[in-house]
Amino acid sequence: MAFMPSYVEALREGYTRDPLQPETPPIIDQIERQAEWFVRLLAQPPHHVVLSDGSLGERTPETELWYVEGETFLGSISVRPKLDEALEAWGGHVGYTVRPSARGQGHASAMLAAMLDHIGETLPLDRVTLTVHLDNPASMRVIEKNGGAVRDEVDHPWIEGLRGRRYWIALR
Ligand SMILES: CC(C)(COP(=O)(O)OP(=O)(O)OC[C@H]1O[C@@H](n2cnc3c(N)ncnc32)[C@H](O)[C@@H]1OP(=O)(O)O)[C@@H](O)C(=O)NCCC(=O)NCCS
């Protein structure tokens, strides 16, 4: 809760948890008004998600960690310990976002390095996979600086024209 005022500020400047469905101003207002509800929802997300074809699917477990300095929220990074077919095809184990005003200062590189240590210590994974849009050279650089090796290039499963690069990062 201590970070929620800064988190809301980050949302207002363009930080989003899902670039394909960014939070709208009314949603951000609601998150600000009902911060406790929002934090509870993050800690205990619903068991199901609406899939691209409109059907309900089981949500893959995900742990989201916040990267902060003092009471300032800088960004977030998530890990999904087990991938289903859709996340294996696009998405992968790890995803991250830095708030726009804090970019270009090494935070994503540091978050990913810390997350790889955390995964190595807590999960039985020998390597992780990550997907990056081809038009995101900053993220490719972050992954390559953290030991990422190119796996292949893939089309987004349901968004036409969106192509990405999949990487592997070895943990052991
Ligand atoms: C991608 C993102 C996470 C990078 O965060 P960041 O904190 O700015 O990243 P860092 O400062 O740790 O490192 C960025 C690296 O990319 C480099 N870079 C930045 N823009 C670049 C460009 N257009 N071309 C090539 N390299 C670029 C930087 O120079 C830096 O490399 P360096 O340390 O060798 O100088 C951030 O822009 C973001 O949150 N974007 C929106 C969400 C997103 O794309 N998430 C990743 C999904 S895979």
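Indexing begins at 1, ligand by ligand and atom by atom, following the structure's order. Computed from a predicted structure; not experimentally measured.
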Provide, to 0.1 Å, the distance between atom 14 (C) of ligand 1 and the closest protein heavy atom, together with that atom's residue and name. V142 CG2, 3.8 Å
Counting only heavy atoms closer than 4.0 Å, does ligand 1 sit against the backbone of V98, its side chain, both, or neither? both
If you count every heavy atom of other residues, nucleotides or ligands that lies below 6.0 Å from Q21 atom CD, does the total exceed 12? no
For V132 and ligand 1, does the shortest N/O to N/O distance drop below 3.5 Å? no
Minimum non-hydrogen distance to atom 37 (O) of ligand 1, winning option of R17, R103, Q105: R103
Within-shell test, G106 vs ligand 1, heavy atom, strictly < 4.0 Å: yes
Per-atom contact, atom 28 (C) of ligand 1, protein heavy atoms, under 4.0 angstrom: no
Atoms of ligand 1 less than 4.0 Å from T97 heavy atoms? 39 (O), 42 (C)
Applying the side chain to side chain contact (heavy atoms under 4.5 Å, CB included) criterion to L87, which one of T131, T129, T60 satisfies it? T60
Is a donor from one side chain sitting under 3.5 angstrom from an acceptor on the other, for E71 and S6? no
For ligand 1, is H133 a contact, meaning one of its heavy atoms is under 4.0 Å away? no
Look at atom 45 (N) of ligand 1 and say which protein heavy atom is nearest, naming residue and atom and giving the distance to 0.1 Å. Y96 O, 2.7 Å
Give a yes or no answer on whether the side chain of R141 reaches the backbone of S109 with a donor-acceptor pair at less than 3.5 Å. no
Is R165 salt-bridged to E144, cutoff N-O under 4.0 Å? yes
Quick check: do Y7 and F38 have side-chain heavy atoms less than 4.5 Å from each other? yes
Nearest non-hydrogen protein atom, atom 44 (O) of ligand 1: N136 ND2, 2.7 Å
Indicate, with yes or no, if the rings of W168 and H93 have centres closer together than 6.0 Å. no
Atom 5 (O) of ligand 1: of P100, G92, A108, the nearest heavy atom sits on A108
So, regarding S109 and ligand 1 (criterion: nitrogen or oxygen to nitrogen or oxygen, under 3.5 Å), is there a contact or not? yes
Ligand 1 and R141, any nitrogen or oxygen pair closer than 3.5 angstrom? yes
Quick test of your reading of the model: are R12 and E32 salt-bridged, counting only N-O distances below 4.0 Å? yes
With E88 as partner, the option from R80, K82, R151 fulfilling salt bridge (Lys or Arg N to Asp or Glu O under 4.0 Å) is R151
Ring-plane angle category for W66 and F73, please: parallel below 30°, perpendicular beyond 60°, tilted otherwise. perpendicular
Ligand 1 N/O within reach of T131 N/O, cut-off under 3.5 Å: no
Does the distance from a Lys or Arg side-chain N to an Asp or Glu carboxylate O, for R99 and E13, drop under 4.0 Å? yes
Is the closest N or O pair between G104 and ligand 1 shorter than 3.5 Å? yes
Any protein heavy atom at under 4.0 Å, with atom 12 (O) of ligand 1 as the reference point? yes
Heavy atoms only, cut-off 4.0 Å: how does L130 contact ligand 1, side chain, backbone, both, or neither? neither
Donor-acceptor contact present, side-chain R166 to main-chain W90, <3.5 Å: no
Closest protein heavy atom to atom 32 (P) of ligand 1, given as residue, atom name and distance to 0.1 Å: K145 NZ, 3.6 Å
Candidate with minimal heavy-atom separation from atom 18 (N) of ligand 1, of A138, S76, G75: A138
Closest heavy-atom approach to atom 25 (C) of ligand 1 among A110, A102, G164, P137 is made by P137
